[in-house]
Amino acid sequence: MSETSSAYSPGETEAKWQAIWEERGTNRFTPSELKTAENPYFNLMMFPYPSAEGLHVGNIYAFTGADVHGRFQRLLGKQVFEPIGFDAFGIHSENFALKVGTHPMDLIPSNVANFTRQLRRVGGMFDWDHAVDTTHPDYYRWTQWIFLQLFKAGLAERKEAPVNWCPSCMTVLANEQVVGGLCERCDTPVEQRRIAQWFFRITDYAERLLDNLETLDWSESTRKTQTNWIGRSVGATLRFPIAAPGDDADGAASSDEAATSHIAVFTTRPDTVFGATYMVLAPEHELVAEVTTPEQADAVNAYQAGAAKMDLVARQKTDKTKTGVFTGGYCINPATEERVPIWIADYVLMGYGTGAIMAVPGHDPRDFEFAQTMELPIRRVVAAPEDAADTPLDEAYLGEGVLVNSGDFDGLGVTDGKAAIISWLEEHDAGESRVTYRLHDWCISRQRYWGPPIPIVHCEACGAVPVPESELPVLLPRVEDFQPDDSGVSPLARVEEWYRTTCPECGAEARRETDVSDTFLDSSWYFLRYPSTDRDDVALDPEITGKWLPVDCYIGGNEHAVLHLMYSRFVTMALKDLGHIDFEEPYVKFRAHGLIVREGAKMSKSKGNVIIPDGIIERFGADTFRTYLMFLGPFEEGGDYQDEGIQGPHGFLHRLWETTINAHDGDADAGVERKVHQTIAQLTEQIPGLQYNTSIAAMMECLNVIRAGGRQAARAEIEPLVVMVAPFAPHLAEELWERFGHEGSIFDGGNWPRFDAEKARDDTVELAVQVNGKVRGRVFGPTGMDQAAAEALARADENVARHLEAATEKRVIYVPDRLLNFVVEKTPDA
RNA sequence: GCCGGGGUGGCGAAAUGGUAAACGCAGGGGACUUAAAAUCCCCCGGGAGCAAUCCCUUGCGGGUUCAAGUCCCGCCCCCGGCACCA
């Protein structure tokens, strides 16, 4: 077939095709091609953080799975844009740079170069002309621009707020970066500090972020994770007037003047308000001082000090005994008009709802436990059918029932009671229905060096003034001492010549914002930038953005199910509202890949069982490595990397090569062709569903049929298989395609084989014959037999006949082309 | 505690309610070879049997069905996420 070498040499073939792709620009789009593409498909994968260690198997697994998807779409005839980039700002890089004593501005370019080399070697279909590096001023100029757009829209605000402070990293962390009270990066207990920070008002979008989830083609688990994170709770806000000192239980009439201040609480159970026998404020609550009586002041202060000192891990332990102190103050339950005592306790969190609760010990387990400990009254206000209004409670009752001890509302069910009590509260101006979210605003300030400076100038007269867009980027200066300190401000605050500036509005002396922004801001919009990297005058080319976005398919790790995916959805929505883009959801389809373990154990540097991809690629080639990674388990579930397992795909690709090289030009065998078309059908359906492992198994099976008994393949039999293997083994497929005599890349021109149902149809089927559900024989017959014909064949089977003897037939179940089941009753031996 | 995802040969795994274990790894046997490698062929869940064949087997216990790995009910275990969220 060809006069060139006939032995398969992956190294040579792969080097050859990587060079050709590069030279011909096979995978790159020119600006005009981006504008004119007729069938655009944006295939996105999560861009890597370019570590010094280089690509790890997890990266390659994710990228290969996404690349297979992109190459398949391209074989279907689509123009597939598959960009890649580097997420290189952030604490991760900075800490590493500090550790090895190299400046990140020197470190990152060499890491990026190494990643680039490895990514090319793996054979991804990347458009290198549109790569991004978040640390490059050409990129972060526009990250700063995004900040300014949100600022102008009122979605960025600076406020002093309690923030999570990591004393080890010496920076503020977003709530999402605190895991179980520990810094997710270094596992140090996180402290609470009050610092002025920049926040994005993501909570304004909570409802939309939640509602849109239903419209997305995302996996169920990712949507659930986001739903839980947003944490929508429906309930009511209630106001409990603070009782003036000396008010007594029936002093409601005189409470008018005292009612100037009140405690607001949020509850999901307004129906239980008659059971609210005490109040609890979070220790940090601003009203604590107001309600505390002089006699209780010492105890309250001591408790507050203790709570402030306690780290979040200790505080959030749910199994510790509840603690708290009485403030000496009272407020009025608006439903019962009773005076109820006000306590402070650390089981009430400042960060949720209003930081205060009405305690209903009868119907909330935490309040019940607290009431028992403190000997506070417990009152039943919901009764199950078997309970009376005065049946004592030995634990909080959470179930359905009717309201009792609730005045005019007695007898209502829980659901009706909620509605009725909310109306009553609204009429009396004591509360209203309310929805609360667990989601917090996104704190984007970082008191570190390695990030984009937040483009704001602080002026004494004008306040926080945005840097004019024409002056972007605000360049991150190269400073040699970027060690963070405990001052609560960025190392940039030590660089006077940098932060001293003039106010863009009044020209007075002013000071630059010295915090940098969160890395998650860099990655919240990178996919928007990819197709517009040819433009240096705008962030987004409107025409190209309109054509290519939103992203058709996004593949990445589920560890980003909340942070990155939530933030990028928010930024996209905000940009839409500002008129910059015309869609509000960035990713039409998202799929999370699974995790790779090795020989049943998690890979880790400390265990020394990390797979080094370079060595494997050198030995087996990228095509074999890719195919094996996709074969070893379901892509969305991950799998176990067994070192010897690569032999399977290795042998498969070698046999495919040999079979193709030695194919003849004669007619295809009908039986073999049938198998080929059945394989086409299966792959055409399974590859878009990311069922790569079974797709590869099907191709192996098909090749086994083609080669059965050592027969020589016809070119017409093997050629479709060469195309189908192309997404997995692109270099091998290109080479064989060329040797078939085709011009150009196999990936151009929509070469995916067409399925022919006629050729795929079996004319003979094997039918399982059961007697009472147990297989007693197998018979062969023509496809589509009627039941009579099938029964005749079955009864002729010796073993089947034997089982039907001495039995009374009750009925026969026939599933055409699959099985025949005789249901019989054994005749008793007589 | 709540929400996801799992539990099938020695191992990775496959199976629209319809022949459990496809495909592959490892293992065993054989062919070729001076030998090895490579390649090719055969066997490969457990038990009984010379064999035909029969019995058992998808974490455990029930149920629905002619038929259950698959559906329903009740449990156990593993992995991931959330968790004093009022």
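Given the structure is predicted, the values throughout are model-derived calculations rather than measurements.
- In the set B:rC56, B:rA86, B:rA13, B:rA86 carries the atom at the smallest distance from any side-chain atom of A:Asp364.
- Within the 4.0 angstrom heavy-atom criterion, only backbone atoms of the sugar-phosphate kind lie near A:Pro634; the bases stay farther away.
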Grab the N/O contacts between the protein and nucleotides 42-53 of chain B below 3.5 Å, and write none if there aren't any.
from, atom 1, to, atom 2, distance (Å)
B:rU53, O3', A:Arg802, NH2, 3.4

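- With C1' as the reference atom, B:rA68 and B:rA51 are 33 Å apart, rounded to whole Å.
- The shortest distance between side-chain heavy atoms of A:Asp346 and A:Tyr303 falls below 4.5 Å.
- Syn is the glycosidic conformation of B:rG9, whose angle stays within 90° of 0.
- The A:Asn693 side chain lies nearest to B:rA13 when the options are B:rC55, B:rA13, B:rC84.
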Output a table of nitrogen or oxygen pairs between the protein and nucleotides 23-26 of chain B separated by less than 3.5 Å.
from, atom 1, to, atom 2, distance (Å)
B:rG24, OP1, A:Asn704, ND2, 3.1

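- Looking only at side-chain heavy atoms (C-beta outward), A:Leu281 and A:Val348 stay at 4.5 Å or farther from each other.
- Within 4.0 Å of A:Arg707, counting heavy atoms only, lie sugar-phosphate atoms of the nucleic acid but no base atom.
- Sorted by first then second residue, the ring-ring contact (aromatic ring centres under 6.0 Å, His included) pairs that include residues 690-710 of chain A, not counting sequence neighbours, are A:Phe635-A:Tyr692, A:Tyr692-A:Phe728.
- The residue among A:Thr354 and A:His650 whose nearest nucleotide of RNA chain B is located toward the 5' end is A:His650.
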Tabulate atom names and distances for all N/O pairs under 3.5 angstrom spanning the protein and nucleotides 17-21 of chain B.
from, atom 1, to, atom 2, distance (Å)
B:rG18, O2', A:Arg818, NE, 3.2
B:rU19, OP2, A:Arg818, NH2, 3.3
B:rU19, O2, A:Arg778, NH1, 2.0
B:rU19, O2, A:Arg778, NH2, 3.4
B:rU19, N3, A:Glu766, OE2, 2.5
B:rU19, O4, A:Glu766, OE2, 2.6

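- Nucleic acid contact class of A:Lys810 (heavy atoms, under 4.0 Å, all strands): none.
- Residue contacts shown for A:Ile357 include a base, since a base heavy atom lies under 4.0 Å away.
- Ring planes of A:His677 and A:Phe755: tilted class, angle from 30 to 60°.
- Closest contact between the side chain of A:Arg438 and the listed nucleotides B:rC82, B:rA86, B:rG4 involves B:rC82.
- Considering A:Leu767, A:Asp817, A:Leu820 in turn, A:Leu767 is the only one that fulfils the side chain to side chain contact (heavy atoms under 4.5 Å, CB included) rule with A:Met785.
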Exercise. Dot-bracket for RNA chain B, please, read 5' to 3', with Watson-Crick or G-U wobble pairs under 3.5 Å on both distances, ( ) within the strand, [ ] crossing, | other strand, . unpaired.
Key: (((((((..(((.....[....))).(((((.......))))).((((....))))..(((((..]....))))))))))))....
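- Relative orientation of the A:Phe370 and A:Tyr347 rings is tilted, given thresholds of 30° and 60° on the angle between their planes.
- Legend: residues meeting ring-ring contact (aromatic ring centres under 6.0 Å, His included) with A:His650, ordered by chain and number and at least two apart, are A:Phe620, A:His654.
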